[in-house]
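The first residue in the sequence is number 1, and the count goes up from there. Treat the numbers as computed from the prediction; the structure is a model and nothing was measured.
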Amino acid sequence: MQKFDAIRPFYDSEINEALQDVIHHPMMKALMNFSFPDVADEVWKEQLRKTHSIRDFQCNFIYQSVQKVLEKSSEGLTTSGFENLEPNTSYLFISNHRDILLDTTLLNAALFEHGLVMTASAIGDNLVKKSFLKILAKLNRNFLVQRGLTPREMLQSSKLLSEYIGHLLLHENRSVWIAQREGRTKDGNDATNPGVLKMLGMASDEKNLMDYFKKIKIVPVSISYEYDPTDALKMPQLMAEANNEVYIKEKNEDFMTILSGALGQKKRIHIHVGKVLDTEIDAIIAENDNSNKQIVALAQVIDDAILSNYKLWPTNYIAYDIVNKTNTYSHLYTENEKSLFGRRLEMRIDHDNPVALEGFLAMYANPVVNKLKYHNVI
């Protein structure tokens with residue numbers, strides 16, 4: 001399948017050589033020393049030299065890295081919904097997106113713990129410009145989404161990506177993770193871009209596109225962090241957008257965001273996986289025979305599932321009450337939690353800048369607003 005070579009992760013037959021290439025890289029040493037602080041360098045190097053598959057690398061090394069991240073920068077990960085998934089079965093996980101690497105690595109840790117098929121995961125090629133990061137991404141079964149293309153190139157790239165995702169799901173029995181929209185949500189509003197669904201549908205050979213979406217088994221995923229470790233880093237872009245300015249990333253900004261996501265304080269984290277969308281798609285087919293309207297309706301169904309299963313934290317309720325100058329949800333947080341959130345706000349935001357303050361609070365408050373919009377109750 002050479003046509004996928006530009007975007008695919010490593011094959012298992014390529015893993016050992018790739019590891020040998022980076023085994024002495026300072027960033028590999030940093031990762032391994034973080035993950036195995038009590039292990040001598042020569043011991044983990046010897047283990048890496050004996051590693052010949054992505055699964056072995058993920059289970060024996062990256063899983064431990066994830067546990068260390070959770071131990072050092074969180075109060076733990078909880079999960080729900082995984083009992084509804086079948087082992088040895090591939091799913092298309094469509095997820096809200098908060099953190100560049102953690103969203104997928106945490107989901108895969110949970111899939112591994114539940115004995116389920118782990119994912120190949122989409123990542124923008126702009127995030128792995130550094131050669132070590134690109135190799136690490138391919139070792140972790142990430143496939144590349146090409147960015148910064150002309151419209152013509154974008155069409156070809158989308159077709160290739162769609163075909164590759166379909167190939168993974170239907171021919172390799174490999175689950176796939178993809179974000180519901182391009183880029184991370186920075187304002188707390190999780191919404192599925194119908195363009196993502198159109199891209200996925202390009203590979204369909206079904207008469208009705210909705211039948212293809214049933215075949216690939218879509219599972220909506222909701223991930224929420226009590227504290228977003230990259231909240232302050234999201235502010236410059238939100239500020240630019242508020243002022244109708246074009247935002248230009250700083251050099252190494254993505255790399256710093258990846259590091260902050262891994263090491264920044266998150267407190268509690270929750271992942272919920274929904275049930276496979278099946279009867280919901282049947283209802284869409286029954287109501288509409290226009291494929292564009294069907295895609296918009298499917299995006300809405302995914303949004304409903306993600307928002308209804310999104311775990312709200314005290315930080316969300318605190319921000320909502322501050323924004324709305326109310327005590328509506330004061331029974332859902334303590335004074336101590338409120339003062340901790342206030343301290344975080346003071347440390348990260350210039351209070352003389354009302355736009356920044358509003359943007360930061362909205363990031364945490366909007367999930368409450370969206371839950372109310374869909375369900376009227378919380």
Side-chain angles (χ1 to χ4, degrees), residues 69-80 96-103 106 184-191 222-242 256-272 306-378:
V69 165
L70 290 173
E71 177 192 317
K72 289 181 175 293
S73 66
S74 85
E75 292 179 9
L77 169 68
T78 53
T79 62
S80 53
N96 67 329
H97 192 19
R98 287 289 191 275
D99 187 89
I100 292 171
L101 286 188
L102 275 187
D103 293 355
L106 292 173
R184 292 165 298 136
T185 302
K186 297 179 180 70
D187 59 5
N189 288 316
D190 296 310
S222 312
I223 184 163
S224 65
Y225 299 84
E226 188 166 7
Y227 278 125
D228 181 339
T230 61
D231 49 16
L233 295 176
K234 292 175 179 176
M235 293 312 302
Q237 185 170 343
L238 287 173
M239 293 284 295
E241 289 168 1
M256 292 308 298
T257 299
I258 289 169
L259 278 184
S260 296
L263 302 175
Q265 180 52 239
K266 295 164 268 293
K267 291 195 83 178
R268 291 170 290 183
I269 310 163
H270 188 78
I271 298 176
H272 177 88
I306 289 173
L307 291 168
S308 63
N309 292 302
Y310 185 97
K311 171 106 174 145
L312 293 171
W313 301 107
T315 48
N316 302 117
Y317 296 120
I318 292 164
Y320 180 92
D321 279 354
I322 293 172
V323 168
N324 293 284
K325 299 180 174 61
T326 178
N327 291 314
T328 304
Y329 295 114
S330 59
H331 61 291
L332 295 173
Y333 54 82
T334 65
E335 279 303 313
N336 184 47
E337 286 169 332
K338 187 173 182 179
S339 67
L340 282 173
F341 184 78
R343 203 176 311 156
R344 187 180 183 89
L345 196 58
E346 283 172 18
M347 289 169 65
R348 281 166 165 70
I349 298 298
D350 176 3
H351 276 249
D352 294 330
N353 187 332
V355 176
L357 182 63
E358 186 182 318
F360 189 93
L361 288 169
M363 193 187 302
Y364 285 94
N366 280 336
V368 180
V369 175
N370 291 330
K371 199 113 164 169
L372 283 169
K373 202 183 298 177
Y374 279 88
H375 299 279
N376 295 319
V377 290
I378 292 180

Ring-face cation of R348 near F360 (centre distance under 6.0 Å, axis angle within 45°):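 No, R348 does not lie over the aromatic ring of F360.
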
Quiz item: To the nearest 0.5 Å, what is the distance between CD1 (I349) and CZ (R344)?
Solution: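 I349 CD1 to R344 CZ: 10.5 Å, rounded to 0.5 Å.
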
Checklist entry - How far does CG of L77 sit from CD1 of I271, to the nearest 0.5 angstrom? => result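 One gets 5.0 Å once the value is rounded to the nearest 0.5 Å.
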
Does some side-chain heavy atom of L332 sit less than 4.5 Å from a side-chain heavy atom of Y320?
->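 Y320 vs L332: side chains apart.
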
query = So, do L357 and L345 sit near enough that their side-chain heavy atoms are less than 4.5 Å apart?
reply =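 Heavy-atom side-chain distance check passes, below 4.5 Å.
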
query = Which residues pass the side chain to side chain donor-acceptor pair (under 3.5 Å) test with D321, sequence neighbours left out?
reply =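 Partners of D321 under the side chain to side chain donor-acceptor pair (under 3.5 Å) test: Y333.
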
**Item:** Set of residues satisfying side chain to side chain contact (heavy atoms under 4.5 Å, CB included) with respect to S224, sequence neighbours excluded
**Value:**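 Partners of S224 under the side chain to side chain contact (heavy atoms under 4.5 Å, CB included) test: H270, Y310, K311, W313.
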
Can you give me the closest heavy-atom contact between [X] and [Y], atom names plus distance?
X    : Y    : answer
K266 : L102 : CD-CD1, 3.5 Å
A362 : P367 : O-CD, 4.4 Å
I269 : S74  : CD1-CB, 4.0 Å
R98  : I223 : CG-O, 4.3 Å
Y225 : L106 : OH-CD1, 3.9 Å
K371 : S308 : NZ-O, 3.1 Å

**Full working for side-chain contact (heavy atoms from CB on, under 4.5 Å) between L312 and V368** = CA-CA 7 Å; L312 293 171; V368 180; 4.1 Å; yes

**Asked** For E337 and I318, what are the C-alpha separation, side-chain angles and deciding distance, and is it a side-chain contact (heavy atoms from CB on, under 4.5 Å)?
**Response** CA-CA 8 Å; E337 286 169 332; I318 292 164; 4.2 Å; yes

Check: Which residues pass the salt bridge (charged side-chain N to carboxylate O under 4.0 Å, His left out) test with E71, sequence neighbours left out?
Finding: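 Salt bridge (charged side-chain N to carboxylate O under 4.0 Å, His left out) list for E71, sorted by chain: K68.
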
Donor-acceptor pair, [X] side chain versus [Y] backbone, under 3.5 Å?
X    : Y    : result
N316 : Y364 : yes
K267 : Q265 : no
S80  : H272 : no

